[in-house]
Amino acid sequence: MTLYVYDNKAIPCADAMSLVKKFHEAINGRQAAGSNNPVNATVDGWLCVSGPPAAQGGTTCSKGEQTVLAAVVPAE
């Protein structure tokens with residue numbers, strides 16, 4: 001599996017990757033693989049939400065008008 005950050009030009013790609021990584025470190029252990037519940041945390045002023053893993057939910061981080069989207073996808 002690969003973490004894919006969708007580049008919508010909200011912030012530079014390296015910053016988006018760092019943000020998503022920090023968020024997933026912050027929620028480590030708070031969301032079981034088969035969970036149907038989202039989990040959220042604030043990272044560096046961004047509100048991030050990880051969708052339910054059971055539904056293959058992705059990650060959305062937002063701050064003001066900026067949004068970063070990410071998802072775990074099968075490796076190519």
Side-chain angles (χ1 to χ4, degrees):
M1 303 299 273
T2 301
L3 177 65
Y4 184 83
V5 176
Y6 299 89
D7 184 10
N8 66 351
K9 309 295 183 215
I11 62 174
C13 186
D15 294 343
M17 293 286 289
S18 177
L19 172 64
V20 172
K21 180 180 177 189
K22 286 180 184 178
F23 169 62
H24 282 274
E25 288 170 352
I27 65 168
N28 186 26
R30 292 181 40 201
Q31 191 177 43
S35 173
N36 285 310
N37 298 315
V39 66
N40 64 56
T42 301
V43 177
D44 297 339
W46 291 78
L47 174 60
C48 298
V49 178
S50 179
Q56 297 181 348
T59 296
T60 303
C61 295
S62 56
K63 179 171 146 181
E65 298 290 320
Q66 299 172 306
T67 301
V68 172
L69 304 172
V72 175
V73 296
E76 294 181 7

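Positions are given from 1, in the same order as the sequence printed here.
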So, do [X] and [Y] sit near enough that their side-chain heavy atoms are less than 4.5 Å apart?
X: Cys48; Y: Asn40; value: no
X: Thr59; Y: His24; value: yes
X: Val20; Y: Ser18; value: no
X: Thr60; Y: Thr67; value: yes
X: Ser35; Y: Pro52; value: no

Reported SG-to-CG distance for the pair Cys61 and Leu19, which is rounded to 0.5 angstrom | 4.0 Å
ILVMFWY network linking Trp46 to Ile27, side-chain heavy atoms under 4.5 angstrom | yes
Within one Ile-Leu-Val-Met-Phe-Trp-Tyr cluster: Ile11 and Met17, side-chain cutoff 4.5 Å = yes
Backbone N/O of Asn37 and side chain of Gln31: donor-acceptor pair under 3.5 Å = yes
Can you name the nearest heavy-atom pair linking Val39 to Arg30, along with the distance?
-> CG2-NH2, 3.1 Å
Please report the closest heavy-atom contact between Lys22 and Val43, naming both atoms and the distance.
-> CB-CG1, 3.6 Å
